[in-house]
**Q** 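Could you have a look at this structure, given as structure tokens, before my questions?
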6 protein chains.
Amino acid sequence: MRILIVNPNTTASMTEKAAAAARVVAGHGTEIIAATSKSGPASIEGHYDGAIAVPGLLAEIRKGEAAGADAAIIACFDDTGLEAARALAAIPVVGLCESAAMTAALIAQRFTVVTTLERSRVLLENLVRRYGMGDRAKVRAADIPVLELEDAASGALGKLRGQIERALDEDGAEAIVLGCAGMADLVQSLQREYGVPVIDGVSAAVKQAEALVAQGLVTSKRGSYASPLPKAYTGAMEAFAPARR
Amino acid sequence: MRILIVNPNTTASMTEKAAAAARVVAGHGTEIIAATSKSGPASIEGHYDGAIAVPGLLAEIRKGEAAGADAAIIACFDDTGLEAARALAAIPVVGLCESAAMTAALIAQRFTVVTTLERSRVLLENLVRRYGMGDRAKVRAADIPVLELEDAASGALGKLRGQIERALDEDGAEAIVLGCAGMADLVQSLQREYGVPVIDGVSAAVKQAEALVAQGLVTSKRGSYASPLPKAYTGAMEAFAPARR
Amino acid sequence: MRILIVNPNTTASMTEKAAAAARVVAGHGTEIIAATSKSGPASIEGHYDGAIAVPGLLAEIRKGEAAGADAAIIACFDDTGLEAARALAAIPVVGLCESAAMTAALIAQRFTVVTTLERSRVLLENLVRRYGMGDRAKVRAADIPVLELEDAASGALGKLRGQIERALDEDGAEAIVLGCAGMADLVQSLQREYGVPVIDGVSAAVKQAEALVAQGLVTSKRGSYASPLPKAYTGAMEAFAPARR
Amino acid sequence: MRILIVNPNTTASMTEKAAAAARVVAGHGTEIIAATSKSGPASIEGHYDGAIAVPGLLAEIRKGEAAGADAAIIACFDDTGLEAARALAAIPVVGLCESAAMTAALIAQRFTVVTTLERSRVLLENLVRRYGMGDRAKVRAADIPVLELEDAASGALGKLRGQIERALDEDGAEAIVLGCAGMADLVQSLQREYGVPVIDGVSAAVKQAEALVAQGLVTSKRGSYASPLPKAYTGAMEAFAPARR
Amino acid sequence: MRILIVNPNTTASMTEKAAAAARVVAGHGTEIIAATSKSGPASIEGHYDGAIAVPGLLAEIRKGEAAGADAAIIACFDDTGLEAARALAAIPVVGLCESAAMTAALIAQRFTVVTTLERSRVLLENLVRRYGMGDRAKVRAADIPVLELEDAASGALGKLRGQIERALDEDGAEAIVLGCAGMADLVQSLQREYGVPVIDGVSAAVKQAEALVAQGLVTSKRGSYASPLPKAYTGAMEAFAPARR
Amino acid sequence: MRILIVNPNTTASMTEKAAAAARVVAGHGTEIIAATSKSGPASIEGHYDGAIAVPGLLAEIRKGEAAGADAAIIACFDDTGLEAARALAAIPVVGLCESAAMTAALIAQRFTVVTTLERSRVLLENLVRRYGMGDRAKVRAADIPVLELEDAASGALGKLRGQIERALDEDGAEAIVLGCAGMADLVQSLQREYGVPVIDGVSAAVKQAEALVAQGLVTSKRGSYASPLPKAYTGAMEAFAPARR
């Protein structure tokens, strides 16, 4: 089984970190193939970065599917471009926020997502609600620019720990979800420190992708994820025109 | 007051139709400026078309804002790229579905949106729920490819009328919302025929845009629509890098 | 276009303030006609005042419609009698809370309504939920009797500012809605002070009323807002009997 | 224990029917006191009738409370004026729709309310949602003018039975709620005929009123139902001015 | 009328306290019959205790029904086994949380349930949501083991009062619901002390049970509460096999 | 990795069918251990059967955990006893309905669960709502007694196919979830026949259980799933007393 992880931002070190986290949990016989978007922002912080990242993301998914991937993961906690990717691909595609929220729901009735910036907080709150967990999950922002997570000296970990502590004290959180693909390396130490489950989106997504492939399930092409209709695409996006099937 | 209408698909005839509808309702002193996306799909039918249309849309909004527009309208009923556009622009940006749903809510307690394809039906259902009207609105698809609306001989109008009749008979609809920017020219005749309010998204959006400008209101830059942070953008999307403010 | 603003309380100074706010935002060619209820409470603070104010309000709407108004506004943030007015009138009727909440939703994902008394807080919370925005809006009470807003020396402004500051700090508010018709004169200074959009219900309602008229839309008479059936009305309410149409 | 039933319409025969239904279920030692509104519509069909009925209703509640009633019931299934009555009175006040929906919820997971006119259907749907049962209850209208229920030859019963049958067949209803105070005399025969619980609002409300009195509970005066503040009332409504306490 | 109260834990002193509370509010002619479960935990604190308590509870309900009870009450605030009991019995069965929440809703728009342990808090939050009151009720835990309520020297009352005070100050609670069957004796003094309605589940349930019996209503056997189908039961549970009807 | 599947009914042939389905999707290195409850009903059809099945289920989970299982699955689509099992066990426990609904949500925006009996339909509707998917999933009952699924000549498959066809035609279902553990052997043929994803709860649960184990995640013991407190258990349930930890 080959699982493609696409980092929709263009920072290769984040791709590597996500791929490493993925390989830790991948099952026997699963090959993790990591790809970094070739166009778009160096990090995804809010709606605009996310929207511009989508074409580069979709290009990698199309390429990876053509190269034989069995499932794809979008390695950004905002689940950027998830619906478009599901419409595009014949293979299943999973997101980090969706996978992590589901995983948390299997082991806790209440949980808190701790993310980076305030602008991402509301975005994730909306996602969590759309996934049906608005009543059981809160979202907190630790005021950390995404790329500071790559810098050990940035104080980012301290801010993150501060919000986890508030989640446990004030939110009644029974588990913590780390709300950024770049936090994957912190799971084990935080789980030990706080004595509650700590969930990483990359790990959760790998297992959901494997689960779908093992069950022989692919995205339904009936209804909302129907394959794009063949039509003319113009200008800079010409290459994205859906193939006639 | 100058209001920019951006058609996020690349079909100029649809832009013209939207602009014409806009000018009918525009207030005294409002200038309607219409722009057609230079890159992306010829019509937006589902999540994939919508995602690929966004960069071309955002380019037009940035250009229009620089040229002095006071507000912008995204002339696709899917509200494609609406959140990204709000984060990008300093001027207010409104969508068709959001504007039309609000307008319907002021004159009816229950209404039905009639759109084109089944793949757009679920997408609009999700939008209407996010706008808080899932309990009072239904969405129906008339099985009409978007570009058939440009072709009087296509039978599209008959299909549309069939769904309106079912909405009145089966949904308890008190008003009808036309769920595609390309239906704007049908409002008056349908309203006369069925004796209930019929709402067109373009018209509704023009008035919402004017309303915001008249009140001196712009998109909040505190929280979820904060301006994009300056950062490197790579590859084909390099030109989209946010300006340092 | 003639827009009728009815103040459903009997305090003429509040009518004047609302009319002044309305005229500031009214479009070219819009005439604002203000009326004060002839019977009922001097201010509307809670459910009882609101209920008793309705007949006086409806009398003014009926009179104004007969005199040729194209739309009506109920100038109380509780949207007192809104549904009855919509059933009664052939012209569209808009409320302040509904209009302001919609306006806020176009420029912010999260907002807070700041109103006068605690007893109005829950009432407005219920309204905002019914309008579908319970998930994105909070309501705060500043503990100000309505008529103190007419008295510059009352300390009311200080209390209001205190709640706005808490909304920004604690609620994640991206915009502020002023939850009383009597606060219309404070919008500009508060917006400058806090750097977030501040929305006044009167202004918002004027633009929604104009929007409906410009689109040729009236309240649907199919279903919940059907015209009152002709029937006997008795006693003090005899004059309110619906006319046979 | 003295329980006041106020019919907020002015049709005395409906008051009598409600009082008779109340007496059937009233506990040992409960005295049922029935009052008919002195002003307003002969029947309540939709929002406008309901709004105009409220002052007459509140006058009866105030009078009944002064005369020593221990609790009050508003004998219209629309729960007309319920919130205002709770704010006004020191004694508890219950509504028919609220009481019946709660009663149904104790013996069925899904139920259908069958009411008179389409214009009341949406109104009741909104009430049932506000009472938290929108997910488990449907509302159907049988197209019966309220006063036809007083006329055995009107065919009203046949229409009502038709909707009950559809509720059982199509809605998965496990119980039926009769959605008009004027249907109280039909409960027993319908229950026998259809073999499912049939709930009448008047009966349900009597038991809720008794329950509150037996527990020594009165409406909370903290928050939304706080007693009306003393203030000037003007014109035809002068007599409604709240007493200084 | 004979009303059976079953204490689903095995602590007889709690049964007695519940029975005493029941008798205080029971109507003239109502006989309260109390039963204590013969098997299971000494107190119900969380999901596991609750699940194991159910067979003992159901055995008492079956026995009581056979002995002629007209209705049954499950005297644990978790509404343990309520749905199974409704399916089993021909007589109506009511729970404490459901009854108390409904009662609170008749006299307050916002209320807070104060329960014992944190592990019960989320359980009750889920119940209150299922009963449709998640938007108007909060749940607080006072960190009191259930059996400490039986011990005056335990400090339990102080902890309970602390949470009531926070509910009034921070939650906007207009009424308080005591969220444990063992708190029934505290209602009157707390109500006097805090000046808001205080609701006890046992008292509320007695009146709901009486209300159903007086209306001649029993649990619907159509749909979700259909009588258990006759079938083989094995092992320790053999005696629970449903009788062939 | 050892995954325990407990069939909470006492019919060994259903255990075998579930174990067989589990082994088809289990990952390399996963051992499936199947156990059948020793006490309770031969099939679980409705709330009563479900409640009585729980002690037998919990006994098997305790035994299996002691024997070294890494995770447990409750092999009944009603998720019978799931919350109690999570509180009891230190290892993660997953249910069929929860796992299947999550799996469907990853590949479809709208889906329909097809179950056996009407009495289970509402029960599953409630579960699906609690899992946050009430807005995107419908539940249908095929009117099949559970044990008829074991009998090829029963006509059960025809009834099931009838409901699947209605789900596709009337519900807008994009995927089908089989709502009974005993339907696991039908997945492949139905998926081929209807061309949409068909999800089996047993398969979905195996992959969720493996996913949790691979991530090193266990049920949170903070809050609602805290381990049972040590206390006396009486009578037939004495053996279920929680061990002192």
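A, B, ... follow the sequence lines: proteins, then strands. Residue 1 opens every chain. Only this structure's heavy atoms are used, side chains among them; waters, hydrogens and symmetry mates stay out.
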**Q** What are the two closest non-hydrogen atoms of E/Y225 and E/R86, and how far apart are they?
**A**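 Looking at all heavy atoms of both residues, the shortest contact is OH-NH1, 3.4 Å.
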**Q** For chain E, which candidate among F/S224, F/P55, F/G223, F/P41 shows the most heavy-atom pairs at distances under 4.5 Å?
**A**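 Between F/S224, F/P55, F/G223, F/P41, the count favours F/P41.
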**Q** With a 4.5 angstrom heavy-atom cut-off, is it the side chain or the backbone of E/L117 that approaches chain F, or both, or neither?
**A**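 Answer is side chain: those atoms of E/L117 sit under 4.5 Å from chain F.
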**Q** Could you check whether any side-chain N or O of E/T11 sits under 3.5 Å from a backbone N or O of E/A42, counting only pairs where one atom can act as donor and the other as acceptor?
**A**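 Yes: the side chain of E/T11 pairs with the backbone of E/A42.
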**Q** Considering only heavy atoms, which portion of E/R130 lies under 4.5 Å from any heavy atom of chain F: side chain, backbone, both, or neither?
**A**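 For E/R130, the side chain is the part near chain F, not the backbone.
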**Q** Only counting residues at least two apart or in another chain, list the ones meeting side-chain contact (heavy atoms from CB on, under 4.5 Å) with E/T234.
**A**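 So E/T234 forms a side-chain contact (heavy atoms from CB on, under 4.5 Å) with F/T10.
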**Q** Among residues at least two apart in sequence or on other chains, which ones pass side-chain contact (heavy atoms from CB on, under 4.5 Å) with F/E170?
**A**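 Per chain and number, F/E170 pairs via side-chain contact (heavy atoms from CB on, under 4.5 Å) with F/R140, F/R166.
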**Q** Around E/K231, counting heavy atoms of other residues, nucleotides and ligands shown, do more than 12 lie under 6.0 Å from its NZ?
**A**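 Check passes, neighbour count above 12.
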**Q** Please name all residues satisfying side-chain contact (heavy atoms from CB on, under 4.5 Å) with F/E238, sequence neighbours left out, ordered by chain then number.
**A**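 Listed in chain order: nothing, the list is empty.
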**Q** Is the backbone N or O of F/G235 less than 3.5 Å from a side-chain atom of E/S39, with the two atoms forming a donor-acceptor pair by type?
**A**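 Looks like no, no N/O pair under 3.5 Å.
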**Q** Counting only heavy atoms not in E/K17, do more than 12 fall under 6.0 Å of its NZ?
**A**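 Yes, because the 6.0 Å sphere around NZ of E/K17 holds more than 12 heavy atoms from other groups.
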**Q** For chain E, which residues from residues 70-81 of chain F have at least one heavy atom closer than 4.5 Å to it?
**A**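 Expected list: none.
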**Q** I need the residue from F/N126, F/L123, F/L229 with the largest number of non-hydrogen atom pairs under 4.5 Å to chain E.
**A**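 Going by pairs under 4.5 Å, I would pick F/L229.
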**Q** Where on E/K38 is there a heavy atom nearer than 4.5 Å to chain F: the side chain, the backbone, both, or neither?
**A**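 When you check distances to chain F, only backbone atoms of E/K38 fall under 4.5 Å.
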**Q** Which residue in the set F/L149, F/T36, F/L147 passes side-chain contact (heavy atoms from CB on, under 4.5 Å) when paired with F/M14?
**A**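 Testing F/M14 for a side-chain contact (heavy atoms from CB on, under 4.5 Å) against F/L149, F/T36, F/L147 leaves exactly one candidate, F/L147.
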**Q** What part of E/S43 gets closer than 4.5 Å to chain F, counting heavy atoms only: side chain, backbone, both or neither?
**A**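 Both backbone and side chain of E/S43 come within 4.5 Å of chain F.
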